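Note that this is a predicted model, so its numbers are computed, not measured.
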Amino acid sequence: MPSCLPTKLAIADHTLALLPLVWTDAAQDAAVLAHPCALLEALVALFEGAWAAASPLALSGDGAPTALGEISDEDRKLLSLLVAGMTDETAGARLGMSRRTVVRRMQHLMKTAGAQSRLQLGWRAHERGWLSET
């Protein structure tokens with residue numbers, strides 16, 4: 001799912017959608033009102049997909065929004081090593097942490113990603129761009 005939607009969109013109770021036709025202030029004058037039809041179903045599916053892939057936001061000290069679901073660089077490295085096939089012990093040794101710490105960090109990452117298994121965590125990590133290139 002893209003990190004940004006291709007258009008602005010307002011949906012009410014899965015029965016109406018308002019889709020602006022232009023990206024200017026005059027958008028209020030040029031919009032499509034979709035009633036129950038295939039277009040409305042597609043717009044709802046677009047919204048639901050974006051919502052499922054979204055990360056919660058919080059305000060930082062300076063008032064700027066930051067994603068709550070972001071992870072540290074060390075966690076990115078750990079995930080990359082495990083996805084590459086290393087055992088907990090081997091990945092931990094490479095990063096200078098115990099197996100117990102690796103397991104604890106993985107549990108935290110699973111909770112952050114909303115994953116029920118390590119396989120699901122790997123998939124969600126890929127979707128969220130958490131895996132390191134190195």
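- Residue-environment remark: CG (L33) exceeds the threshold of 12 foreign heavy atoms within 6.0 Å.
- Follow the hydrophobic side-chain contacts under 4.5 Å out from L39 and you reach V44 in the same cluster.
- Here CG of L43 is found 11.5 Å from CG of L16. Values are rounded to the nearest 0.5 Å.
- If you take CZ on R118 and CD on Q107, they are separated by 8.5 Å, rounding to the nearest 0.5 Å.
- In this structure, the side chains of I71 and R128 stay at 4.5 Å or more apart for every pair of heavy atoms.
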Using the rule given for side-chain contact (heavy atoms from CB on, under 4.5 Å), can you reason through V83 versus H126, listing the C-alpha separation, both sets of side-chain angles and the distance that settles it, and then say yes or no?
CA-CA 10 Å; V83 167; H126 171 72; over 6 Å; no
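- L78 places none of its side-chain heavy atoms less than 4.5 Å from the side chain of E74.
- Between R99 and D88, the closest heavy-atom pair is CG-CB, 4.0 Å.
- For the salt bridge (Lys or Arg N to Asp or Glu O under 4.0 Å) test, no residue two or more places apart in sequence or in another chain qualifies with R94.
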I would like to know whether H14 and L40 meet side-chain contact (heavy atoms from CB on, under 4.5 Å); could you show each step before the answer?
CA-CA 8 Å; H14 293 262; L40 178 63; 5.9 Å; no
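- When side chains are defined from C-beta on, M110 does not count as touching Q116, because their heavy atoms never get closer than 4.5 Å.
- Put simply, the side chain of R76 gets close to the backbone of G129: a donor and an acceptor are under 3.5 Å apart.
- When the side chains of ILVMFWY residues are joined at heavy-atom separations under 4.5 Å, either directly or via intervening members, L18 and V22 end up in two distinct hydrophobic clusters.
- When all heavy atoms of T112 and W130 are compared, the closest pair comes out as CG2-CH2, 3.9 Å.
- A single hydrophobic cluster is seen to contain both M86 and M97, as judged by linkage of ILVMFWY side chains at heavy-atom distances under 4.5 Å, directly or through other members.
- Under a hydrophobic-cluster definition in which Ile, Leu, Val, Met, Phe, Trp and Tyr are linked whenever side-chain heavy atoms come within less than 4.5 Å, directly or via other members, V102 and L95 are assigned to the same cluster.
- The two residues R105 and S72 have their closest heavy-atom pair at NH2-OG, 3.8 Å.
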I would like to know whether H35 and T15 meet side-chain contact (heavy atoms from CB on, under 4.5 Å); could you show each step before the answer?
CA-CA 6 Å; H35 293 272; T15 59; over 6 Å; no
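- Residues L121 and L79 are in side-chain contact: their nearest non-hydrogen atoms beyond the backbone lie under 4.5 Å apart.
- Under the 4.5 Å side-chain criterion, counting only non-hydrogen atoms from C-beta, S98 is not in contact with R104.
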